[in-house]
Amino acid sequence: MPMSQPDASGSSEGGVTPDDQLHTRPGAEVSPEDLVLAAGRDVTPENLEWARRKLAEEGPAALDKLLP
């Protein structure tokens, strides 16, 4: 049975996020929203504050630790 591949438009099949959308690019700015979403949390003022503190302490590496 052939495995389906996500198309180039970025839409996902079966709720699976395409791999190329899960990784950060060198030099890409990481926002608190990025970190909250990567952690699987809802974007709330409390979670955004947590992400700001985490980014201040760890920098963009905070996101890398959450992603495969």
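Residue numbers start at 1 and run along the sequence shown.
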request  = Determine the sole option in Leu55, Leu37, Leu35 for which the side-chain contact (heavy atoms from CB on, under 4.5 Å) test with Leu63 is passed.
outcome  =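 Result for side-chain contact (heavy atoms from CB on, under 4.5 Å) with Leu63: Leu35.
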
inquiry  = Can you list everything that forms a salt bridge (Lys or Arg N to Asp or Glu O under 4.0 Å) with Glu33? Sequence neighbours excluded, please.
reply    =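 With neighbours one apart ignored, the set is empty.
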
query = Taking 4.0 angstrom as the limit, do Glu57 and Lys54 come out as a salt bridge?
reply =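 No, Glu57 and Lys54 are not salt-bridged.
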
task = Kindly give the heavy-atom pair with the smallest separation between Ala51 and Pro32, and that separation in Å.
result =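 Of all heavy-atom pairs spanning Ala51 and Pro32, the closest is CB-O, 3.5 Å.
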
request  = Keeping the roles fixed (side chain from Asn47, backbone from Asp42), state whether a donor-acceptor pair exists under 3.5 Å.
outcome  =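 At least one qualifying donor-acceptor pair exists.
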
